[in-house]
Colleague: 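Pasting in a structure now, in structure tokens, and then I'll have a few things to ask.
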4 protein chains.
Amino acid sequence: MTDKQKNILKAALILFAEKGYAATSTSKVAKEAGVSEGLIFRHFQNKEGLLNAIMQLAKAAANREFAGIIENENPKAIIRGIIEMPFKIKQDQFLLWKLIYALKWQTETYDSSISEPVKQALIKAFSKLGYSNPNAEAETVLILIDGIAMAVLLRKPANMDEIVSSMLAKYKL
Amino acid sequence: MTDKQKNILKAALILFAEKGYAATSTSKVAKEAGVSEGLIFRHFQNKEGLLNAIMQLAKAAANREFAGIIENENPKAIIRGIIEMPFKIKQDQFLLWKLIYALKWQTETYDSSISEPVKQALIKAFSKLGYSNPNAEAETVLILIDGIAMAVLLRKPANMDEIVSSMLAKYKL
Amino acid sequence: MTDKQKNILKAALILFAEKGYAATSTSKVAKEAGVSEGLIFRHFQNKEGLLNAIMQLAKAAANREFAGIIENENPKAIIRGIIEMPFKIKQDQFLLWKLIYALKWQTETYDSSISEPVKQALIKAFSKLGYSNPNAEAETVLILIDGIAMAVLLRKPANMDEIVSSMLAKYKL
Amino acid sequence: MTDKQKNILKAALILFAEKGYAATSTSKVAKEAGVSEGLIFRHFQNKEGLLNAIMQLAKAAANREFAGIIENENPKAIIRGIIEMPFKIKQDQFLLWKLIYALKWQTETYDSSISEPVKQALIKAFSKLGYSNPNAEAETVLILIDGIAMAVLLRKPANMDEIVSSMLAKYKL
DNA sequence: GATGAATGAGATTTCATTCAT
DNA sequence: CATGAATGAAATCTCATTCAT
């Protein structure tokens, strides 16, 4: 992966995440990346190929993040870790997450592949804790973290600490 | 407002909500509306004007929905009503909500004008109930309903009843 | 001729003279005239008909102006009158003249019909004064008044009195 | 500057000068230039950018022409040179001049930047010759050459030689 | 690997004109 | 007489993609 390839990916990530995929032209990506427009097509075939390359990186980063949390032994720690996850998105992964979420609204069919391992981990954890309906509880947490992600990625509220406390309290974590 | 104007608004809502604003061409809107393309511009100036006209309608519909819930006397009923709201989106308002949410990810600055009255109602309700930090609690509910909205509008999970029970239980409603 | 017809003619004159015929849309004319767009076509058939109607008025006004000068007995007075003419354009005829001149540059073929009687009057006057080449002298004056018209209609120089004196002096008038 | 760029400029010059800027579509320019329409916008941003590029060339050509005349030592030669200038417009500059003049009538504000050095040269020349009002005399010549330019560019009169003699005689040149 | 010229299809917008009311 | 909705063609402009160098 050459420097210019990295520049293209970075520029495309910024623009796709900030303005949307359809609203971003390859020429703007090229300009932002300081690269000729032709180079994008040489490296990524077409615009969709460029998006796919970025989504590969995004999914890999997401999975690495999940892995650290899921492999925990303690079910409460897993649930707590999952709820806290969006609050702890690091600056260099912010746009990757923003793109993942933005695309959910821009593509015909919802892609649940990213969150699937998280869901399974939650079901297992709630089962271990003896919840009567672990499936529904897992779904509830997934809904919660989508809401949190929206807040963190879009609204950036000031009093995050209080919010996270309030959330964890509801789950007695 | 003539029939053709209504057709344009309806077609644009469907396409903008389903495919995204940038990914929808005015020619597709015109075709879907059974109207000449020029008519769109005669009535709404430009593509953005068309979007604005739809968003006006969306906000008005949202406010009507909120009004019914917020004017309640009982604080618990208000909180419960707000949490249940996204679960009860009617078919004819589904696309308006989908568009409202989709646009949050496609515009430069987050528009919180729609949810502001809801937030104020929640703060008041939690105050009345004696919560120590009503602001954070209100924010928590807003986050929750954003998550629910995402689920309802995008994922359409099967076991909604169980989920809503689980949610309401956390707030002892 | 109804009031609205007059409004249309006036608005069209202003816009055609100031922005150019091709650069002026019938919708702008209608807006400026405070009239529906359809009315323009009811009264003047099409955009060109509107232009023709204005040019009729312009030519008639020009001919009235010429008539007062040309019918003079004294050849020197005629030449003097013609040279002074553009300096004396009245405010209410300013745009008519501006349009006449502007159109010379916007139509395929030059329309000399307006200036023809002036040319004949000049040839006669120079003949009477015994000039050896009255045709060339007449042409020279026509050239001069085109230059003056350009100055008056476009540049509006400050020291007009001095300029007109200098001009008349060259012809010993 | 590639061949196709030159073709575009040439085609645009011909059409803008002959039919007018507003009356010329970019598609006609592209066809005349034997080029795809998109290329016009890639090289010149928009239609106005194309016009500006041509006007740059026109002004440069005009200044080169002026320079040869103005740098003369003899004041009479300068005045004579300026008056004769429009009569001597070469074929390859004919359209540039036609466009310069045509645009004067189509733009909101008169652009005197082209003729300013000529005016200064004239004022100097008339001063040297002891004229009592060199400013007014310079203005008079400017008016004259605008009239001549109109004649040469639009009417193309037959007896040019006689006309130029008559003009120069008035200035005893 | 990289550029930048070039294209053709399509997107947005404007415009003259028609027509029902 | 007058309006304003509506149209279809054309004008301006954008965009993803190709290709010669």
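Proteins get letters first, then strands, A, B, ... in listed order; numbering begins at 1 in each.
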Colleague: With a distance cut-off below 6.0 Å to the six-membered ring centre and an angular limit of 45° from the axis, does Lys47(A) pair with Tyr21(A) as a cation-pi contact?
Modeller: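 That pair qualifies as a cation-pi contact.
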Colleague: Looking at Ile54(C) and Leu13(C), what are the two nearest heavy atoms and their distance?
Modeller: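 Looking at all heavy atoms of both residues, the shortest contact is CD1-N, 3.7 Å.
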Colleague: Rounded to whole angstroms, how far apart are CG on Asn7(A) and C1' on dT3(E)?
Modeller: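 It works out to 16 Å between those atoms.
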Colleague: Rounding to an integer number of Å, can you tell me how far Lys31(C) NZ sits from dT3(F) P?
Modeller: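 It is 15 Å, rounded to the nearest whole Å.
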Colleague: Check the distance between dA5(E)'s C1' and Ile40(D)'s CD1 and give it to me in whole angstrom.
Modeller: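 Distance check: Ile40(D) CD1 to dA5(E) C1' gives 15 Å.
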Colleague: For His43(D) and dG4(E), is the shortest distance between a side-chain N/O and OP1 or OP2 below 4.0 Å?
Modeller: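 For dG4(E), OP1/OP2 do not have a side-chain N/O of His43(D) under 4.0 Å.
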Colleague: Ignoring backbone atoms, test whether Thr2(C) places a side-chain nitrogen or oxygen under 4.0 Å from the OP1 or OP2 oxygen of dA2(F).
Modeller: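 Yes, Thr2(C) has a side-chain N/O under 4.0 Å of OP1/OP2 on dA2(F).
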Colleague: Which dot-bracket string fits DNA chain E when only Watson-Crick or G-U wobble pairs with both atom distances under 3.5 Å count, crossing pairs get [ ], and | stands for a partner on a different strand?
Modeller: .||||||||||||||||||||
Colleague: For Glu37(C) and Arg42(C), what are the C-alpha separation, side-chain angles and deciding distance, and is it a salt bridge (charged side-chain N to carboxylate O under 4.0 Å, His left out)?
Modeller: CA-CA 9 Å; Glu37(C) 212 175 338; Arg42(C) 159 165 281 274; over 6 Å; no
Colleague: What is the minimum heavy-atom distance between Ala11(C) and Val29(C), and which atoms define it?
Modeller: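 Taking every non-hydrogen atom into account, CB-O, 3.8 Å.
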Colleague: Would you mind reading off the distance between Phe16(A) atom CZ and dA16(F) atom C1', rounded to a whole angstrom?
Modeller: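 That distance rounds to 12 Å.
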Colleague: In B/S/- notation, 5' to 3', how is nucleotides 11-18 of chain E contacted by protein heavy atoms closer than 4.0 Å?
Modeller: SBBBSBBB
Colleague: Within this structure, what is the CG-to-P distance between Leu51(A) and dA16(F), rounded to whole angstrom?
Modeller: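 Result: 12 Å.
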Colleague: Indicate yes or no: does Lys10(C) engage Asp3(C) in a salt bridge with an N to O separation below 4.0 Å.
Modeller: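 Salt bridge flag = no for Asp3(C) with Lys10(C).
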Colleague: Do you know the tightest heavy-atom contact between Thr24(B) and Leu15(B)?
Modeller: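 So the two residues come closest at OG1-O, 3.3 Å.
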Colleague: In whole Å, what is the span from the CG atom of Asp3(D) to the C1' atom of dG4(E)?
Modeller: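 Rounding to the nearest Å, CG of Asp3(D) and C1' of dG4(E) are 16 Å apart.
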Colleague: Could you tell me whether Lys19(B) and Glu32(B) make a salt bridge, using a distance below 4.0 angstrom between a side-chain N and a carboxylate O?
Modeller: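 Answer for the salt bridge query: no.
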Colleague: For Leu39(A) and dT21(F), give me the distance from atom CG to atom P, rounded to whole Å.
Modeller: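 So the CG-P distance, Leu39(A) to dT21(F), works out to 19 Å.
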Colleague: Using whole Å, what does the distance between atom C1' of nucleotide dT12(F) and atom CZ of Phe44(D) come to?
Modeller: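 Phe44(D) atom CZ is separated from dT12(F) atom C1' by 16 Å.
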Colleague: Which heavy atom of Gln93(B) sits nearest a heavy atom of Ala61(B), and at what distance?
Modeller: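 Smallest interatomic distance, heavy atoms only, reads NE2-CB, 3.8 Å.
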Colleague: Taking all heavy atoms of Ala22(A) and all of Ala22(B), pick out the closest pair and write down the distance.
Modeller: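 Closest approach of Ala22(A) to Ala22(B), heavy atoms only: CB-CB, 3.8 Å.
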